[in-house]
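For reference, the structure is listed below as structure tokens.
Just so you know, these numbers come straight off a predicted model, no measurement behind them. Sequence positions, counted from 1, serve as the residue numbers for this chain.
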Amino acid sequence: MSDEQIRLGELRDQIDSLDQQIMDLISARARCAQEVAHVKMAANPGEDVFFYRPEREAQVLRRIKEANPGPLADEEMARLFREIMSACLALEQPMRIAFLGPAGTFTQAAALKHFGHSVISVPMPAIDAVFREVESGAAQYGVVPVENSTEGMINHTLDMFISSPLKICGEVQLRIHHHLMRSPQSGDQPLSRIYSHQQSFAQCRQWLDAHQYGVERVTVSSNAEAARRAASEPGTAAIAGDMAAELYGLEIMAGKIEDRPDNTTRFLIVGRESVGPSGQDKTSILVSMRNRPGALYQLLEPFHRSGISLTRIETRPSPSGTWAYVFYIDFEGHMDDTNISKLLEDLEEDAVELKRLGSYPAGVL
């Protein structure tokens, strides 16, 4: 036996020993998580107990990233722990997470990135259906898109917050990579049409004009629906993501065809419970101001005076009347923070209406 084979054998034995230790430690962590659940249920007999605490999980993931010694990247290490926590939480009862479907969409990918793969992801046909599913209690949380770095805000999501009692419980950002894909059965058959969602066509317009000019572009309800059609129609292709390609057995003809490599979509997690401070949080509100000169200044001045950073401000038509508007505002901090609490009190003095949509941990993964 050569020196190389001897050394490789020693390293493999060491890996086997480490794998056993890792398994023992994960099992010990799972038992500890079960004990936490039992303590919570004993302290709240007969009540609905929420085992998932977004602020606690954000704190754990941040700590993992800060303490990571390498060589794995911080994000990779945090994702491993994300899956461990997801599996431990599912020991009591897997959470049901509603998302904008169908299966294979980027919204499902965002849901699994945020909650891990041990949840039950439930596809819904529209954004308002996601909200209804969570409001009724059929799902613990919902995941909806709110903003794309290329195409801007998702107005339907913003409008739902005007009437919905749900709170924002978290956020997740997903780097969007679009691929041109087709069925392996198509062979070298030339493309007659390409299916995709209208936003995906917009985000890949330059690439398509350069490489598939003249091929018919057919808009469908989602990228997953585009992939489903391409899988059953020879001579067609779809623009979609990795999850859709895997789900429908498509081969990627050209990868990462988006015009902007930093193309990112932000998704919101909606639920029925408020979230406590995690130490690095955001707050979202809806504000309706009186229609008078200086109204926008009155809205923004308290943020400047308090030294609070806005991360987003949008206007949406108010359902209360013509030419009336509602401001959707994201800013840094938590409603329980003293300076944020004082800010909201100041805003309420001048606002026609102020709705607290929620405070939640800033995205970790």
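Cluster annotation: V119 and L247 are assigned to distinct hydrophobic clusters (Ile/Leu/Val/Met/Phe/Trp/Tyr, side-chain heavy-atom contacts under 4.5 Å, transitive). A continuous path of ILVMFWY side-chain contacts below 4.5 Å connects L166 to V122, so both sit in one hydrophobic cluster.
A donor and an acceptor atom, one from each side chain of D24 and Q20, are located under 3.5 Å apart. Residues N155 and E314 have side chains that never bring a donor and an acceptor to within less than 3.5 angstrom of each other. Of the N and O atoms on the side chains of Y195 and E233, at least one donor lies less than 3.5 Å from an acceptor on the other residue. For the residue pair T311 and D330, no side-chain donor N or O sits within less than 3.5 Å of a side-chain acceptor on the partner. Inspection of the E135 and S164 side chains reveals an N or O donor paired with an N or O acceptor under 3.5 Å.
No side-chain heavy atom of Y141 sits under 4.5 Å from any side-chain heavy atom of V134. Under the 4.5 Å side-chain criterion, counting only non-hydrogen atoms from C-beta, D259 is in contact with R205. Within the 4.5 Å cutoff, side-chain heavy atoms of L286 are placed close to those of I162. Counting heavy atoms from C-beta on, the side chains of S222 and P102 come closer than 4.5 Å. At least one side-chain heavy atom of R29 sits less than 4.5 Å from a side-chain heavy atom of I84. Annotation: side chain of I168 is not in contact with side chain of I269 (no heavy-atom distance under 4.5 Å). The shortest side-chain heavy-atom distance between V146 and T265 does not fall under the 4.5 Å cut-off. Within the 4.5 Å cutoff, the side chain of I154 has no heavy atoms near those of the L158 side chain.
Every side chain to side chain contact (heavy atoms under 4.5 Å, CB included) that V36 has, sequence neighbours left out, goes to K40. Qualifying side chain to side chain contact (heavy atoms under 4.5 Å, CB included) partners for R56, counting only residues two or more places apart in sequence or in other chains: R53, Q59, V60.
Under the side chain to side chain donor-acceptor pair (under 3.5 Å) criterion, the residue pairs touching residues 114-129 are Y52-H114, E83-H117, Q108-S121, D128-R132, with sequence neighbours excluded. Residue pairs meeting the side chain to side chain donor-acceptor pair (under 3.5 Å) criterion with at least one partner in residues 332-342, sequence neighbours excluded, are K342-D346. For the side chain to side chain donor-acceptor pair (under 3.5 Å) condition, the pairs that include at least one residue of residues 241-257, sequence neighbours left out, are H179-D242.
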Before giving the answer on salt bridge (charged side-chain N to carboxylate O under 4.0 Å, His left out), spell out for R217 and D209 the whole-Å C-alpha distance, their side-chain angles and the decisive distance to 0.1 Å.
CA-CA 11 Å; R217 303 172 193 179; D209 289 345; 2.7 Å; yes

Intermediate values then yes/no, side chain to side chain contact (heavy atoms under 4.5 Å, CB included), E225 and T105
CA-CA 9 Å; E225 171 62 16; T105 59; over 6 Å; no

Evaluate the side chain to side chain contact (heavy atoms under 4.5 Å, CB included) criterion for residues E35 and V39: first the C-alpha distance (whole Å), next the side-chain angles of each, then the deciding distance (0.1 Å), finally the verdict.
CA-CA 6 Å; E35 186 60 27; V39 169; 4.0 Å; yes

Check the pair S284 / Y328 against side chain to side chain contact (heavy atoms under 4.5 Å, CB included), numbers first and verdict last.
CA-CA 7 Å; S284 298; Y328 172 91; 3.7 Å; yes

Would you check, one step at a time, whether the test side chain to side chain contact (heavy atoms under 4.5 Å, CB included) holds for I194 with F201?
CA-CA 10 Å; I194 299 172; F201 278 133; 4.1 Å; yes

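Salt-bridge annotation for E66 and R63: absent, with no side-chain N of the basic residue lying under 4.0 Å from a carboxylate O of the acidic one. Electrostatic pairing of E273 and K167 does not count as a salt bridge here, judged by no charged N lying under 4.0 Å from a carboxylate O. Contact check on R12 versus D19 returns no salt bridge, with no Lys/Arg side-chain nitrogen under 4.0 Å from an Asp/Glu carboxylate oxygen. Salt-bridge annotation for D159 and R316: present, with a side-chain N of the basic residue lying under 4.0 Å from a carboxylate O of the acidic one. In summary, E171 and K282 engage in a salt bridge, as defined by a charged side-chain N under 4.0 Å from a carboxylate O.
Pairing each heavy atom of A240 with each of F106, the nearest pair is C-CZ, 4.4 Å. For the pair A30 and C88, the tightest heavy-atom approach, listed with the atom from each and the gap, is CA-SG, 3.6 Å. Of all heavy-atom pairs spanning A224 and G104, the tightest one is CB-C, 4.0 Å. Across W207 and A254, no two heavy atoms sit closer than the pair CZ2-CB, 3.6 Å. The heavy-atom pair separating V275 from P361 by the smallest distance is CG1-CD, 3.9 Å. Nearest heavy atoms, P302 versus L347: CG-CD2, 4.0 Å.
With hydrogens and angles ignored, the 3.5 Å screen pairs a side-chain donor or acceptor of T283 with a backbone N or O of G333. Counting only distance, with no hydrogens or angles, the side chain of S86 and the backbone of F115 share a donor-acceptor pair below 3.5 Å. Without hydrogens or angle criteria, N68 side chain to L72 main chain gives a donor-acceptor distance under 3.5 Å. Checking side-chain atoms of S278 against main-chain N and O of Y360 turns up no donor-acceptor pair under 3.5 Å. Using modelled atom types, one side-chain atom of S27 and one backbone atom of M23 make a donor-acceptor pair closer than 3.5 Å. No side-chain donor-acceptor contact under 3.5 Å links R82 to the backbone of M77. Of the possible polar contacts, one joining the Q5 side chain to the S2 backbone as a donor-acceptor pair under 3.5 Å is found. For S306 (side chain) and I308 (main-chain N/O), no donor-acceptor pair under 3.5 Å exists by modelled atom type. Distance alone, capped at 3.5 Å, is enough to place a donor-acceptor pair between the S149 side chain and the T264 backbone. Judged by distance alone, the side chain of N263 and the main-chain N or O of R175 form no donor-acceptor pair under 3.5 Å.
More than 12 heavy atoms of other residues, nucleotides or ligands sit less than 6.0 Å from atom CZ of R312. Within a 6.0 Å radius of CD in Q189, more than 12 heavy atoms belonging to other residues, nucleotides or ligands are found. Enclosure of atom CZ in F81 is not indicated, since only 12 or fewer non-hydrogen atoms of other residues, nucleotides or ligands lie within 6.0 angstrom. No more than 12 heavy atoms of other residues, nucleotides or ligands sit less than 6.0 Å from atom CD of E4. Crowding of D3 atom CG: a count of heavy atoms from other residues, nucleotides or ligands under 6.0 Å not exceeding 12.
Of the residues listed (R305, H304, Q298), the one engaging E301 in a side-chain hydrogen bond (donor to acceptor under 3.5 Å, both in side chains) is R305, and it is the only one.
In this structure, H178 NE2 and L208 CG are separated by 10.0 Å, a value rounded to the nearest 0.5 Å. In this structure, the separation between CG on L365 and CZ on R62 is 10.5 Å, given to the nearest 0.5 Å. A distance of 5.0 Å separates CE in M253 from CG in L180, rounded to the nearest 0.5 Å.
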Donor-acceptor pairs under 3.5 Å, side chain of residues 91-99 to any protein atom, not counting sequence neighbours: which ones?
residue, atom, partner, partner atom, Å
R96, NE, A138, O, 2.9

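Taking the ring centroids of H156 and F161, they lie at or beyond the 6.0 Å cut-off.
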